[in-house]
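Encoded as structure tokens, the structure appears first; notes follow it.
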Amino acid sequence: MVGSAVVRRLERENCAILTATRQDVDLTRQADVERFVVEARPDAIVLAAAKVGGILANDSYPADFLYENLLIETSVFGAAHANDVDRLLFLGSSCIYPRLAPQPIEEDALLTGPLEPTNEWYAIAKIAGIKLAQAFRKQHGRDYISAMPTNLYGPGDNFDLNSSHVLPALIRKAHEAKIAGAPTITLWGTGTPRREFLHADDCADALVFLLKSYSDASHVNVGSGEDLPILELAQIVCDVVGFKGEITLDHSRPDGTPRKLMNSGKLQAMGWNPRIPLREGLAATYEWYLSSPHQAKIPG
Ligand code: GFB
């Protein structure tokens with residue numbers, strides 16, 4: 001999802017875009033990555049690839065989320081440095097911050113408290129990526145930077161109900177309930193946690209903005225600056241999809257972090273702001289889901 005959005009955004013720039021599919025390059029295998037970087041000789045690398053998933057996937061597969069993401073990061077950072085690629089943008093996530101960080105969360109809240117248990121494995125892998133960028137900058141003078149996006153959504157998202165994030169899961173649940181004439185859809189947890197959302201195209205625009213204008217060791221928050229309770233998100237999704245039934249709560253599922261609204265003031269002070277409102281982005285994502293049935297159900 002994010003990589004495709006970055007490619008779409010880079011098509012508006014004067015640059016050659018070099019991509020690698022999972023079939024071309026297994027990013028968890030150093031030799032594959034080394035071969036690709038030697039052949040492609042990029043001037044800059046955007047590392048958007050990762051093993052990602054929602055709260056259930058993260059809580060269920062800790063080894064996969066920690067091990068595979070560390071392999072990807074060490075392979076790509078190592079091959080970039082070994083082949084003199086001087087510019088790299090690493091993509092992290094807002095789950096790197098402490099579970100109960102003061103809100104809105106500033107960049108310097110990193111490592112100031114315990115992580116959210118349901119995704120601490122992925123969070124540690126992403127924190128390692130931030131540290132890799134800082135270490136190669138400090139020791140080798142590499143101009144590597146890190147961006148921390150909030151919960152993202154948009155075309156190309158994963159709609160598998162077990163591995164996906166909440167927004168695509170709700171789109172699929174509401175759609176399937178509408179088509180089936182079902183009376184209810186189920187929301188995991190209490191519906192009270194709050195989440196911030198940013199459309200993948202807004203995120204991609206921010207990443208290109210940072211690639212052009214940012215060179216420093218500190219990571220940068222990339223958010224919309226607005227959050228809402230999950231229950232309210234579900235109500236908006238049902239309205240956009242046209243599902244008129246009830247929303248029931250499954251308290252056996254975890255809530256995860258109660259809130260993770262980021263302070264993106266550093267990015268805004270540089271002159272960047274998001275453009276896609278949540279409801280508009282949701283409607284566009286639902287249209288994409290309807291038009292891409294084969295993609296809409298890619299298992300996580
Ligand atoms: O999006 P989500 O899976 O991940 O869950 P996180 C957000 C909230 O939505 C949680 C609730 O409180 C879920 O319990 N929720 C309600 C649902 N219904 C559903 C549903 O049907 N599916 C899902 N998936 N959630 C992720 C991290 O945390 O945030 C990742 O696990 C990553 O590592 C991502 O950092 C950005 O927002 O809780």
Side-chain angles (χ1 to χ4, degrees), residues 1-2 48 50-62 64-66 68-70 91-101 103 105 110 115-130 147-154 157-177 184-200 203 219 221-224 227-238 241 243 246-262 278 282 285 299-300:
M1 176 174 72
V2 179
K51 165 76 175 173
V52 300
I55 190 166
L56 181 62
N58 269 270
D59 201 28
S60 306
Y61 308 110
D64 296 350
F65 279 90
L66 181 54
E68 287 184 36
N69 285 310
L70 287 177
L91 214 54
S93 166
S94 58
C95 73
I96 61 168
Y97 293 113
R99 171 182 163 79
L100 301 174
Q103 311 276 327
I105 307 171
L110 184 63
L115 296 168
E116 159 58 34
T118 54
N119 57 45
E120 65 177 322
W121 327 94
Y122 181 71
I124 292 285
K126 288 299 178 180
I127 292 169
I130 293 172
M148 292 303 118
T150 189
N151 288 45
L152 301 176
Y153 71 96
D157 207 342
N158 166 19
F159 288 81
D160 173 76
L161 292 182
N162 289 312
S163 59
S164 65
H165 291 96
V166 60
L167 194 146
L170 291 178
I171 287 177
R172 182 170 172 183
K173 287 180 178 181
H175 173 75
E176 292 182 346
T184 64
I185 62 167
T186 303
L187 199 60
W188 295 351
T190 63
T192 59
R194 299 179 67 93
R195 290 293 182 272
E196 177 186 19
F197 295 97
L198 186 71
H199 191 282
C203 179
H219 57 288
N221 288 343
V222 180
S224 61
D227 68 349
L228 74 167
I230 293 300
L231 182 57
E232 187 181 328
L233 172 73
Q235 290 159 346
I236 296 172
V237 169
C238 290
V241 168
F243 172 65
E246 297 300 312
I247 298 168
T248 59
L249 297 173
D250 175 358
H251 291 277
S252 72
R253 302 284 190 165
D255 270 343
T257 304
R259 193 179 190 199
K260 49 179 180 174
L261 173 66
M262 295 194 301
L278 178 58
L282 252 173
T285 304

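All ligand and atom numbering here is 1-based and tracks the order in the structure. Note that these values count all heavy atoms, side chains included, but never hydrogens, waters or copies made by symmetry. The structure presented is a predicted model; accordingly, all values stated were derived computationally and were not measured.
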*For atom 15 (N) of ligand 1, what's the nearest protein heavy atom and its distance?*
V166 CG2, 3.6 Å
*With a 4.5 Å heavy-atom cut-off, do W188 and L56 have their side chains touching?*
yes
_Over 60° means perpendicular and under 30° means parallel, so tell me whether H219 and Y97 are parallel, tilted or perpendicular._
tilted
*Does ligand 1 have any atom that is closer than 4.0 Å to a heavy atom of P149?*
no
*Side chain, backbone, both or neither: which part of N58 has a heavy atom under 4.0 Å from ligand 1?*
side chain
*Can you find a heavy atom in the side chain of P149 that is under 4.5 Å from one in the side chain of L91?*
yes
*Record the part of E116 in heavy-atom contact with ligand 1 below 4.0 Å; permitted values are side chain, backbone, both and neither.*
neither
*Compute whether any side-chain donor of one residue and acceptor of the other, for D255 and T190, lie under 3.5 angstrom apart.*
yes
*Are I247 and C238 side-chain neighbours, meaning at least one heavy-atom pair lies under 4.5 Å?*
yes
*asked:* Quick one: does any side-chain atom of R259 pair with a main-chain N or O of A101 as donor and acceptor, under 3.5 Å?
replied: no
*Touching ligand 1 at all, T257? Heavy atoms, strictly under 4.0 Å?*
no
_Heavy atoms only, cut-off 4.0 Å: how does S94 contact ligand 1, side chain, backbone, both, or neither?_
neither
*If we only count N/O pairs under 3.5 Å, is I55 in contact with ligand 1?*
yes
_So if I count the atoms of ligand 1 from 1 in the order they appear, which ones are less than 4.0 Å from some heavy atom of C95?_
33 (O), 35 (O)
*asked:* Atom CH2 of residue position W121 - does it have more than 12 heavy atoms of other residues, nucleotides or ligands inside 6.0 Å?
replied: no
*Option from R194, R195, Q103 for which side chain to side chain donor-acceptor pair (under 3.5 Å) with D227 holds*: R194
*Proximal candidate to atom 36 (C) of ligand 1 [heavy atom criterion; set T190, T150, N151]*: N151
*Of the backbone atoms (N, CA, C, O) and the side-chain heavy atoms from C-beta on, which set of N119 has a member under 4.0 Å from an atom of ligand 1: side chain, backbone, both, or neither?*
side chain
_Just to confirm my output: which protein heavy-atom neighbour is closest to atom 18 (N) of ligand 1, and how far is it?_
W188 N, 2.9 Å
*Answer with yes or no whether K173 contacts ligand 1, where contact means a heavy atom under 4.0 Å from a ligand atom.*
yes
*asked:* Could you identify the single nearest non-hydrogen protein atom to atom 33 (O) of ligand 1 and state the distance to 0.1 Å?
replied: Y122 CD2, 3.0 Å
*What protein heavy atom is closest to atom 26 (C) of ligand 1, reported as residue, atom name and distance in Å?*
K260 NZ, 3.7 Å
*Are any non-hydrogen side-chain atoms of P117 and R99 less than 4.5 angstrom apart?*
yes
*Contacting atoms of ligand 1, where contact means under 4.0 angstrom from a heavy atom of A169*: 20 (C), 21 (O), 22 (N)
_For S163 and N158: C-alpha separation, side-chain torsions, deciding distance, then whether side chain to side chain donor-acceptor pair (under 3.5 Å) applies._
CA-CA 8 Å; S163 59; N158 166 19; 2.8 Å; yes
*List the closest protein heavy-atom neighbour of atom 14 (O) of ligand 1: residue, atom name, distance to the nearest 0.1 Å.*
P254 O, 2.7 Å
*For G54, take its heavy atoms, then give the atoms of ligand 1 lying under 4.0 Å from any of them.*
3 (O), 31 (O)
_Side-chain donor or acceptor of T118 paired with backbone N/O of D59 under 3.5 Å_ = no
*Looking only at heavy atoms of D255, does any of them come nearer than 4.0 Å to an atom of ligand 1?*
yes
*Measuring from the heavy atoms of R195, does anything fall under 4.0 Å of ligand 1?*
yes
*Starting from atom 34 (C) of ligand 1, which protein heavy atom do you reach first, and at what distance in Å?*
H165 NE2, 3.3 Å
_Check contact between S164 and ligand 1, using heavy atoms of the residue and a distance below 4.0 angstrom._
yes
_Those atoms of ligand 1 less than 4.0 Å from some heavy atom in G53_ = 30 (C), 31 (O)
*asked:* Looking at T150 and E196, would you say the former's side chain and the latter's main chain have a donor-acceptor pair under 3.5 Å?
replied: yes
_T118 to ligand 1, any heavy atom closer than 4.0 Å_ = no
_Residue, atom name and distance, where the atom is the protein heavy atom closest to atom 35 (O) of ligand 1_ = S93 OG, 2.8 Å
*Do V52 and V2 come close enough that some side-chain heavy atom pair is under 4.5 Å?*
no
*Are any of the side-chain heavy atoms of Y122 and N69 separated by less than 4.5 Å?*
yes
*What are the atoms of ligand 1, with element, lying closer than 4.0 Å to any heavy atom of P193?*
12 (O)
_Note, Y153 side chain near I171 side chain (heavy atom, < 4.5 Å)_ = no
